[in-house]
Structures are given as C-alpha cells and as structure tokens.
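Here is the structure we will look at, set down as structure tokens.
For ligands, and for the atoms within them, numbers begin at 1 and follow the listed sequence.
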Amino acid sequence: MPKTVGVLVMEHIAVGLVEDNKLVGSIQLYPERGTSLDALQAMPAEGIGECIRQQITAVAKGEKIHAIGLGFPGVIRNGVVEDSPNLHQVKGFYLQAALSSSQGAAAAPVRVFNDADAMAAGIAATRGKLHKLIRVWTLGNGVGFGRYPWSEGVWEGGHSVVTLDPKEKFCGCGGLGHLEGILGHRSIRLRFMDLEPDEVFANARTGDARCSEFLTLCHRALAAATATSIHMDGPGQFYITGPNAKFIDIGLLDRYVHEMVKMSPLQGSRFEVIPTSDEVGVIGAAVNAERAASATT
Ligand SMILES: [Zn+2]
C-alpha cells in the first residue's frame, strides 16, 4: 500500500504518515503542544510554506511517498489560498506550488484542501464511511464547513446567511446575517462584551434570559445553515467538531432542523458531536490527496 503524508494546519501544523487510511507512527507538531497560533500568525507566507516542507521531510524519513495532502483554513482553489481569515498573510499564496517545488519526499504530488474538508474525509475514513456523503461543521474562532467526498467548489457554509436582521453584523468577513457572525467564537465575544463564550452558555443553562435567548439563536442558526445544505445536497450525516462543539445540544438542533426541513425525501439527517483531533484531519488530508492522485494516474 503506498504511503501518503497528511498535513493539517489549524492552530498548529500537524503532520503524519498515512498508510491504508491509518496513521503510521506519531503526529509531528509545530509549534509544539501548549504554544499558540501566534507563532504561525507572525510568520510570513513563505515561512509557513517552508515550515510545512520541513515537517513533511521529517515525517517521510526518506520513504517513497505517493502523495501529500494538506488541510488549510480558508478558501482554497487550485492550490492557491484565495483567502484565510485567521492567517491573513497567506491570502493569494500559491501554497501547492511552494511545496511542489521542493526536492526529496515532497517531489510527490501535493494537493491543498480546506481544513474542514480534510476533517470530513478523516471522519469518513476512520468510521468506515468512505462510500457515504459526510458533512461537518467545525466550531471555533470561525465556523468551517467540510464535505466528503471532496468536490470542486467554494463551500463556505459558515458564511451561510441565516438571518435578514441588519443588526447581525459580527461575522469576521464583514457580511451581514452570517452563521459565523452568531456562532463563531470571535463573534460571541463581540456580541457579549462583558462575558466569555463559556460564561454565556453556562448562564443560559441557569436560566439567564439574555443568554438563553442567544442559545436558542445559535441552535436555530446552525439548524438553518444545515437545512440549506440539506435542501441543496440532500439529507445525511452531519458531524459537529471543534472547540465550541461542546456548546451544542444535539436534541435541540435536531428539533429545529425538523421544523425547517419538511419534504419527505429530505428527512432522516443525523447529528453527532465528535472531539477535535489532529489525527482525523491528518488522515483526511492524506485520504483526499491519495484519491486525487489515483484519479489522475
Ligand atoms: Zn461571513
């Protein structure tokens, strides 16, 4: 079975060697655990590319590599990072070319995917669902939307418009009424200047009116974006992951989706919250790259 390298860039760079949809050995992290995203945010685009290249070489250890897959936050098209709200300096950077031009292990074909798409592929691979349609919401500073099987497109589901209220203006992209403007970590902090997101949801549980109202809004917003995806792409399994997935009540979400999706052929979607894991994203990036490489040879 050919070996593939998977890379996931989220709060750090995680790299692993993947064979037969499973991780071989351990994951290499840069910067090491415990440090923050600041190290990447302070780095120029070329520096991030170089850093990823070094990690790939270290993980490949001179083995023959069939393909290299990267999951990267932002709008990725044809190997170019067209936009990346949390790593502004890479906007317009041709990441795929920067990595392809290197020697050794990295001479293998490189493919860059959106990080949430890599998560979706990893979930499919680690749960034996590579024949199924998998969608995933990643709830963190922003809201990511991933889909497996990977297909050409933008898929910025986190920026789905879920309200026509012109006062809903907290999305990091500046657009009005977006899901991320309600459920994104940064947006919650902007809305509740006096409370951290953890406190908002804790207060909602103890009956605070303002926080309870917001909890309802969050679940209705996520349900609305999910309903739009169901109306466009059909029903199926949705996973919710990322640091803020802990705020989601699956029962409540399920109820709101049922109120929003009524056509009988579109019934039957299911939700599951799963823990955030570098391993799943690394495997997914590798699986997507492997499939893309196999399709072109
Ligand atoms: Zn937005």
Side-chain angles (χ1 to χ4, degrees), residues 9-11 37 40-41 45 71-78 80-93 95 112-120 135-147 150-193 195-197 200-201 213-233 238-248 253 256-257 260 271 276 281:
V9 181
M10 280 177 115
E11 37 317 347
L37 182 66
L40 294 186
Q41 280 173 338
F72 200 90
V75 179
I76 315 293
R77 276 204 283 194
N78 302 317
V80 177
V81 183
E82 294 194 339
D83 203 355
S84 188
N86 294 314
L87 293 168
H88 289 289
Q89 72 275 34
V90 294
K91 182 171 179 164
F93 187 53
L95 184 57
V112 186
F113 305 93
N114 170 268
D115 55 349
D117 282 336
M119 286 301 298
R135 280 161 285 184
V136 57
W137 294 108
T138 59
L139 309 183
N141 214 15
V143 175
F145 176 75
R147 183 186 189 276
W150 181 84
S151 73
E152 201 73 53
V154 178
W155 307 107
E156 280 294 329
H159 300 271
S160 298
V161 174
V162 294
T163 165
L164 298 180
D165 183 348
K167 291 192 293 300
E168 284 296 341
K169 55 180 177 6
F170 297 116
C171 192
C173 81
L176 292 187
H178 292 187
L179 173 62
E180 183 177 308
I182 293 170
L183 205 42
H185 194 83
R186 178 185 166 277
S187 313
I188 299 173
R189 296 188 72 185
L190 285 173
R191 182 184 305 262
F192 291 87
M193 300 300 278
L195 294 171
E196 286 296 323
V200 172
F201 287 94
E213 197 181 307
F214 179 68
L215 182 136
T216 303
L217 178 69
C218 280
H219 283 76
R220 286 182 60 84
L222 187 56
T226 303
T228 298
S229 178
I230 293 169
H231 286 123
M232 304 291 266
D233 216 7
F238 288 82
Y239 292 92
I240 298 160
T241 189
N244 286 358
K246 64 186 176 200
F247 298 140
I248 299 302
L253 184 61
Y256 290 146
V257 169
M260 294 173 186
F271 294 96
T276 314

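Around the Zn ion (ligand 1), the protein atoms of type N, O or S found under 2.8 Å away are H159 ND1, C171 SG, C173 SG, H178 ND1, listed by chain and number.
Taking the six-membered ring where tryptophan is involved, the planes of F145 and W137 are tilted, since the angle between them lies from 30° to 60°. Note: F247 and F201 have parallel aromatic rings, judged against thresholds of 30 and 60 degrees for the angle between ring planes.
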query = Between K91 and E82, does a salt bridge (charged side-chain N to carboxylate O under 4.0 Å, His left out) hold up when you go through it step by step?
reply = CA-CA 5 Å; K91 182 171 179 164; E82 294 194 339; over 6 Å; no
Steps toward side chain to side chain contact (heavy atoms under 4.5 Å, CB included) verdict (I76, L95) = CA-CA 9 Å; I76 315 293; L95 184 57; over 6 Å; no
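The nearest pair of heavy atoms linking V162 to A225 is CG1-N, 3.9 Å.
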Tabulate below the donor-acceptor pairs under 3.5 Å that side-chain atoms of residues 166-176 make, not counting sequence neighbours, or state none.
{"unit_1": "E168", "atom_1": "OE1", "unit_2": "R191", "atom_2": "NH2", "d": "2.7"}
{"unit_1": "E168", "atom_1": "OE2", "unit_2": "R191", "atom_2": "NH1", "d": "3.1"}

